[in-house]
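Okay, structure first, notes after.
As the structure lists them, so they are numbered: ligands from 1, and atoms in each ligand from 1.
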Amino acid sequence: MAEALLEVNDLKVAYGGIQAVKGVTFAVRAGELVCLIGANGAGKTTTLKAITGVQPVGAGEIRFKGRSIKGQGPWELVKQGLVMVPEGRGVFARMTITENLQMGAFTREDNEIEADIDKVFGIFPRLKERRHQLAGTMSGGEQQMLAMGRGLMARPKVLLLDEPSMGLAPIMVDKIFEVVSDIHQRGTTILLVEQNASRALQLATRGYVMDSGEVTMTGEPKALLSDPKVRAAYLGE
Ligand code: ATP
């Protein structure tokens, strides 16, 4: 089995007195699309924030490419290839699409940025059509595409996607899951956090279930999809 690209070991994160993540352990190997599912407040976003240096780690260990990254800031981590597309997208509303994509490459010093913008336009033709439009005037689905495109501009080794389908119309949800699968098939390793458990598990190579700050189940997506506990709790059965 390939060595893990990202390893989270007994991670604990608290907000003041509230223990949001209570000792979470999981791994993502190169080439995988791992999904993390769970109800509201399970601690999924907090886990991603701790991995990417946005939220301080209380205890435990996080290793990326075999080395501890605990205590490193978001900028350093993005530069190394650990890139998050946050919940709610966070596009720069008063910048154009092209400018937002350029911002995604702010840690890079090579001269292939324009070529990569063209690649992103290849994945998201809609962004190319609208490249001069201000990001804040785009629909939720288009902003999600832009946020993912901006993430790709950092040339991620692992792309962490936080609830990309949240709040989108069904047709856009279909499109976003198609694109997540496309990005994975083009060779990017992905850690996908989703409340849409069924759709996420259909794409994933492996899944983890989080509940109240802990990983409660893990396994092959097919096994999780057919598990009665998962079906009852997360698939509305
Ligand atoms: P959701 O799907 O609703 O985003 P989640 O699984 O991502 O849920 P988190 O957002 O990580 O869950 O939240 C885990 C717990 O931490 C929740 O009880 C939440 O209320 C709490 N929490 C999250 N952010 C903060 C914060 N900034 N300050 C205090 N408590 C927080």
Open item on the list: Test your reading of the structure: does I18 have an N or O sitting under 3.5 Å from an N or O of ligand 1?
Closed with: no
- [ ] Give the residue, atom name and distance (to 0.1 Å) of the protein heavy atom nearest atom 3 (O) of ligand 1.
- [x] N40 OD1, 2.8 Å
Task: Heavy-atom protein contact below 4.0 Å for atom 19 (C) of ligand 1 - done: no
Open item on the list: More than 12 heavy atoms of other residues, nucleotides or ligands under 6.0 Å from NZ of K65: yes or no?
Closed with: yes
Open item on the list: Using the rule side-chain contact (heavy atoms from CB on, under 4.5 Å), only one of L5, L33, V34 pairs with L191; which is it?
Closed with: V34
Open item on the list: Just by distance, no angles: are the side chains of S198 and Q202 close enough, under 3.5 Å, to form a donor-acceptor pair?
Closed with: yes
Task: side chain to side chain donor-acceptor pair (under 3.5 Å) evaluation trace for Q133 with E142 - done: CA-CA 11 Å; Q133 188 173 327; E142 290 165 348; 4.9 Å; no
Open item on the list: With respect to T47, determine whether any N or O atom, backbone or side chain, lies less than 3.5 Å from an N or O atom of ligand 1.
Closed with: no
- [ ] Going by heavy-atom distance to atom 17 (C) of ligand 1, choose the closest among S212, G43, G41.
- [x] G41
- [ ] Under 4.0 Å from a heavy atom of T45: give me the atoms of ligand 1 that qualify, with their elements.
- [x] 4 (O), 5 (P), 7 (O), 10 (O), 11 (O)
Open item on the list: With a cutoff of 4.0 Å, is E87 in contact with ligand 1, counting heavy atoms of the residue only?
Closed with: yes
Task: ligand 1 contacted by E163 (non-hydrogen, < 4.0 Å) - done: yes
- [ ] Please work out which of M166, K44, M210 has its closest non-hydrogen atom nearest to atom 5 (P) of ligand 1.
- [x] K44
Task: Sub-4.0 Å heavy-atom contact, A39 with ligand 1 - done: yes
Open item on the list: Check this for me: does any side-chain nitrogen of one of E99 and R94 sit under 4.0 Å from a carboxylate oxygen of the other?
Closed with: no
Task: Note: R199-D174 ion pair, threshold 4.0 Å (strictly below) - done: yes
- [ ] Any atoms of ligand 1 less than 4.0 Å from a non-hydrogen atom of T46? List them with their elements.
- [x] 9 (P), 11 (O), 13 (O), 14 (C)
Task: Proximity of Q195 to ligand 1 by residue part, where a heavy atom lies under 4.0 Å - done: side chain
Task: Per-atom contacts of ligand 1 with A42, taking only distances under 4.0 Å to non-hydrogen atoms - done: 5 (P), 6 (O), 12 (O)
TODO: Determine, using heavy atoms of G38 and all atoms of ligand 1, whether some pair is separated by less than 4.0 Å.
DONE: no
TODO: Among all protein heavy atoms, pick out the one at the shortest distance from atom 24 (N) of ligand 1; state its residue, atom name and that distance to 0.1 Å.
DONE: Y15 CZ, 3.3 Å
Task: Residue pair S165 / E194, side-chain donor-acceptor N/O under 3.5 Å - done: yes
- [ ] Could you point out which residue of V193, L82, T189, L36 forms a side-chain contact (heavy atoms from CB on, under 4.5 Å) with L160?
- [x] L82
- [ ] Answer yes if a protein heavy atom lies under 4.0 Å from atom 30 (N) of ligand 1, otherwise answer no.
- [x] yes
- [ ] Say whether, by atom type as modelled, one donor and one acceptor occur between the side chain of Y208 and the main chain of T25 under 3.5 angstrom.
- [x] no
Open item on the list: With side-chain contact (heavy atoms from CB on, under 4.5 Å) as the test, pick out the partner of I113 among D116, D110, N111.
Closed with: D110
Open item on the list: Main chain of D162, side chain of E87: is a donor-acceptor contact present, judged purely on distance under 3.5 Å?
Closed with: no
Open item on the list: Can you name the atoms of ligand 1, numbered from 1 with element, that are less than 4.0 Å from a heavy atom of A20?
Closed with: 14 (C), 15 (C), 16 (O)
